[in-house]
Q: 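My structure is below; once you've seen it, I'll send some questions.
Because the structure is a prediction, the values reported are computed rather than measured.
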Amino acid sequence: MPIGFEKDICGVVDLLEMKAYTYKDYADHELTVGDIPADMLEKAKNYRSMLVEEAVQADEALMEKFFNEGEEAITVDELKSALRKRVIDGQFFLVTGGDGRGVVVEKVLDLITDFLPSPVDIPAILGKSPKTGEDIVRHSDESEPLTALAFKIATDPFVGKLIFIRVYSGKLKSGSYVLNATTGNKERVGRLVRMFADKREDIDEIGAGDIAAVVGLKDTTTGTTICDPAHPIHLESIEFPDPPVSIAVEPKSKADQEKMAIGLGKLAEEDPTFRVHTDEESGQTIISGMGELHLDIIIDRLKREFNVEANTGEPQVAYRETIRGTAEAQGKHIKQSGGRGQYGDVWVKFEPNEAGKGFEFIDQIKGGVVPLEYRKPVMEGIKETLDGGVIAGYPVLDVKATLYDGSYHDVDSSELAFHLAGVLATREGIKKATPVLLEPVMKIEITTPEDFMGDVIGDLNSRRGRIDNMEDRENGITVITGFVPLATMFGYTSDLRGMSQGRAASTMELNGYEEVPPNIAQEIIEKRNAK
């Protein structure tokens, strides 16, 4: 239990040992062990009783001891052992409190050691054979072949690219050759270092269950599987959502141009949810991330780590397009210019696909009305057009395209002609299939004192938000969860602080894409097409 509230937190009550661990100042290096404050003693006893009642359910003998001899008969070691069993089985979730500052973190580390599973407590890791696709099981054992996953990349100013590796089985040795199961290439492990915040310690090897950073791997990215070349295995990679927010960025001076490109490249390598590309029409450098704060931090890191001063443009929302209806369209490309002409003719049916399934191409050509070698160019033409957008230039999602008829010319037909025919059919078909604009919608959770709840809800409603749930917590705190369009949320953190005297906080994550109201969609389309 935390001792104190908000800015007055100064320690925790340990309900297992029934002692108070406190500190006076953020800079304190040790916790002071003492008696539980008198005004918290009764509450602490009640909470401990609840904890013991939950814990003894892990073991019948312990439960019998509890019923026969009472709570006092259960030792701290028995309590820890029982709670650990329930936590590892996924039946129980332990909660602690504190302010995240200073030495109180020691208690959190103790809890991790006492209750969370070690690598041998969890099921063996499951991977697949890169060649056959068959399931392969690897146990957390150093005698098994090496299996490891790269889960983070960081740029160190002294040693270059650091790749953080978690070993699931076997041993990873400095100087050894490993297989990058994602690319199929062998790579050499240069150095192995154990990280202590910003300090590094060179080590020779790490075994199953260990984490360390590797220097020297060139083609390894986040989510890459590293394994023994003689025993290849591919672990499940990490999937990252597409970033929904973009801004234009440019260096303040020409001297910073090259430094900015290098800096953005390294930051994108570190963070798979951060993307960089150049807009072909405007020539601007566009950076995309998971939110306004994410991009603010990227710009700040450019300045601090790469000494690049940059100007930024207005945040842009990553809208998407899709269709609600079904339509058939002909794409016919004919060009005669003296010599050999061009001829491609296709009929394509467009219909909505299941949400999240993306683009699907179905070949229903019967006979040889469109020869086999021309069907792939048709598909590529359709996909290229969908990626570029039809009504407002945003990528079109979740469309099923069925090629069912067409015609060709023995002399004039070519892959290019049928590629262009696919483009023409898509432009025509999507416009007839009730196209709509989609916008990213964020799931938001706001923690606010009750006094400001009315202002917060009113503000959310004005941003086209919808409330999903409200939950009252202790000390007059309310947690509001809901969904709100990203387009209305720029600058929200500052606005929320302003309306709550700095006492409310919020978190957001991408929930999905939803249809934009018609009047707003029309404004967006007109503004986009005017550029």
Side-chain angles (χ1 to χ4, degrees), residues 1-2 5-7 9 47 50 54 87 90-100 108 238-246 271 273-274 288-297 315-320 322 354-356 397-398 436-517 520-521:
M1 289 168 57
F5 180 64
E6 289 190 345
K7 69 182 189 307
I9 284 181
Y47 277 3
M50 291 165 62
E54 288 288 347
V87 169
Q91 300 171 336
F92 196 74
F93 299 88
L94 294 171
V95 177
T96 188
D99 64 355
V108 179
I238 306 167
E239 290 189 11
F240 300 98
D242 289 331
V245 182
S246 300
D271 183 353
T273 61
F274 170 62
S288 305
M290 300 310 292
E292 207 175 1
L293 179 61
H294 187 188
L295 296 180
D296 285 346
I297 291 168
Q316 300 292 315
V317 177
Y319 292 101
R320 295 290 184 264
T322 192
E354 288 178 41
L397 304 179
D398 304 327
V436 294
L437 202 62
L438 303 175
E439 63 182 346
V441 172
M442 312 301 282
K443 182 178 182 182
I444 188 167
E445 182 175 290
I446 304 164
T447 306
T448 177
E450 285 179 4
D451 300 351
F452 309 106
M453 193 170 70
D455 291 340
V456 170
I457 291 173
D459 181 69
L460 268 185
N461 290 335
S462 73
R463 296 173 188 265
R464 295 194 284 126
R466 61 181 190 272
I467 308 298
D468 182 53
N469 187 45
M470 286 192 291
E471 181 185 340
D472 291 329
R473 300 264 174 96
E474 290 187 1
N475 302 309
I477 297 294
T478 300
V479 177
I480 302 166
T481 54
F483 304 93
V484 61
L486 175 63
T488 66
M489 295 303 284
F490 293 119
Y492 183 68
T493 305
S494 300
D495 294 344
L496 183 63
R497 276 200 296 263
M499 73 179 85
S500 65
Q501 298 173 11
R503 296 179 65 197
S506 67
T507 59
M508 282 194 298
E509 62 181 37
L510 182 64
N511 184 67
Y513 284 83
E514 294 181 13
E515 191 173 329
V516 181
I520 297 171

Q: Can we say R320 and D398 salt-bridge, meaning some charged N sits less than 4.0 Å from an Asp/Glu carboxylate O?
A: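 Result for this pair is no, no salt bridge flagged.
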Q: Apply side-chain contact (heavy atoms from CB on, under 4.5 Å) to residues F490 and V245 and explain how you reach the verdict.
A: CA-CA 10 Å; F490 293 119; V245 182; 3.7 Å; yes
Q: Given the rule in the side-chain contact (heavy atoms from CB on, under 4.5 Å) test, do F452 and Q501 qualify, once you have shown the distances and angles that lead to the verdict?
A: CA-CA 9 Å; F452 309 106; Q501 298 173 11; 3.8 Å; yes
Q: If the threshold is 4.0 Å, N to carboxylate O, is there a salt bridge linking K443 and E445?
A: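 No, K443 and E445 are not salt-bridged.
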Q: Taking the side chain as every heavy atom from C-beta outward, state whether R473 and V479 have any atom pair closer than 4.5 Å.
A: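 A side-chain contact under 4.5 Å exists here.
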Q: Got a second to check how far D495's CG is from S500's OG, nearest 0.5 Å?
A: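 Between D495 CG and S500 OG, I get 10.5 Å after rounding to 0.5 Å.
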Q: Any side-chain to backbone donor/acceptor pair from R463 onto T488? Under 3.5 Å, distance only.
A: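 Looks like yes, one N/O pair under 3.5 Å.
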Q: Looking at V516 and A521, what are the two nearest heavy atoms and their distance?
A: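 Nearest pair, atom of V516 first, then A521: CG1-N, 3.6 Å.
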Q: Given 3.5 Å as the limit, does a donor-acceptor pair link the side chain of E514 with the main chain of L438, or not?
A: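 Here the side-chain-to-backbone pair does not exist.
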Q: Do the side chains of I477 and T447 get nearer than 4.5 Å, heavy atoms only?
A: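 Heavy-atom side-chain distance check passes, below 4.5 Å.
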Q: Is any side-chain heavy atom of T478 closer than 4.5 Å to one of E471?
A: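 Answer no - side chains too far apart.
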Q: So does F240 have more than 12 non-hydrogen atoms from other groups sitting under 6.0 Å from CZ?
A: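 Atom CZ in F240 is crowded, with more than 12 foreign heavy atoms closer than 6.0 Å.
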Q: Does the side chain of P440 come within less than 4.5 Å of V317's, by heavy atoms?
A: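 Yes. Closest side-chain heavy atoms under 4.5 Å.
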Q: Using only atom types and a distance under 3.5 Å, with no angle test, would you say the side chain of T448 pairs donor to acceptor with the backbone of A504?
A: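 Checking the backbone N and O of A504 against the side chain of T448, no donor-acceptor pair under 3.5 Å is found.
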Q: Without swapping roles, check the side chain of N511 against the backbone of M442 for a donor-acceptor pair under 3.5 Å.
A: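 The answer is no, because no donor-acceptor pair under 3.5 Å joins these two groups.
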Q: Can you tell me how far OG1 of T493 sits from CG of D296, rounded to the nearest 0.5 angstrom?
A: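 OG1 of T493 is found 9.0 Å from CG of D296.
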Q: Out of curiosity, M489 CE to L496 CG, how far, rounded to the nearest 0.5 Å?
A: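 Here the interatomic distance stands at 8.5 Å.
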Q: Could you tell me whether the side chain of L295 reaches within less than 4.5 Å of the side chain of I297, counting heavy atoms only?
A: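 Side chain of I297 against side chain of L295, heavy atoms only: no contact under 4.5 Å found.
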Q: Under 4.0 Å between a Lys/Arg side-chain N and an Asp/Glu carboxylate O for R464 and E439?
A: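 Salt bridge flag = yes for E439 with R464.
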Q: Using a 4.5 Å cut-off on heavy atoms from C-beta on, say whether the side chain of F483 contacts that of I467.
A: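 Counting from C-beta outward, I467 and F483 never come under 4.5 Å.
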Q: Could you pull out the closest heavy-atom pair between P485 and G465, with the gap in Å?
A: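 It is CD-N, 4.4 Å.
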Q: Under the side chain to side chain contact (heavy atoms under 4.5 Å, CB included) test, which residues partner P243, sequence neighbours left out?
A: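 For P243 the side chain to side chain contact (heavy atoms under 4.5 Å, CB included) partners, ignoring immediate neighbours, are R275, S288, M290.
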Q: Does the side-chain contact (heavy atoms from CB on, under 4.5 Å) test come out yes or no for Q91 and E54, once each step is laid out?
A: CA-CA 10 Å; Q91 300 171 336; E54 288 288 347; over 6 Å; no
Q: I need the T481 OG1 to N469 CG distance, nearest 0.5 Å.
A: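 The OG1 atom of T481 sits 4.5 Å away from the CG atom of N469.
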Q: Going by side chain to side chain contact (heavy atoms under 4.5 Å, CB included), name the residues that satisfy it together with N475, two or more places apart in sequence or in a different chain.
A: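 N475: side chain to side chain contact (heavy atoms under 4.5 Å, CB included) contacts with F5.
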Q: With a 4.5 Å cut-off on side-chain heavy atoms, are I444 and I446 touching?
A: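 I446 vs I444: side chains touch.
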Q: Heavy atoms, side chains only, cut-off 4.5 Å: are M499 and D459 in contact?
A: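 Yes. Closest side-chain heavy atoms under 4.5 Å.
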Q: In Å, rounded to the nearest 0.5 Å, how long is the span from CZ of R466 to CG of N461?
A: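 With rounding to 0.5 Å, CZ (R466) is 12.0 Å from CG (N461).
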Q: Could you give the distance from CG (L460) to OH (Y492), rounded to the nearest 0.5 Å?
A: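 That separation rounds to 4.5 Å.
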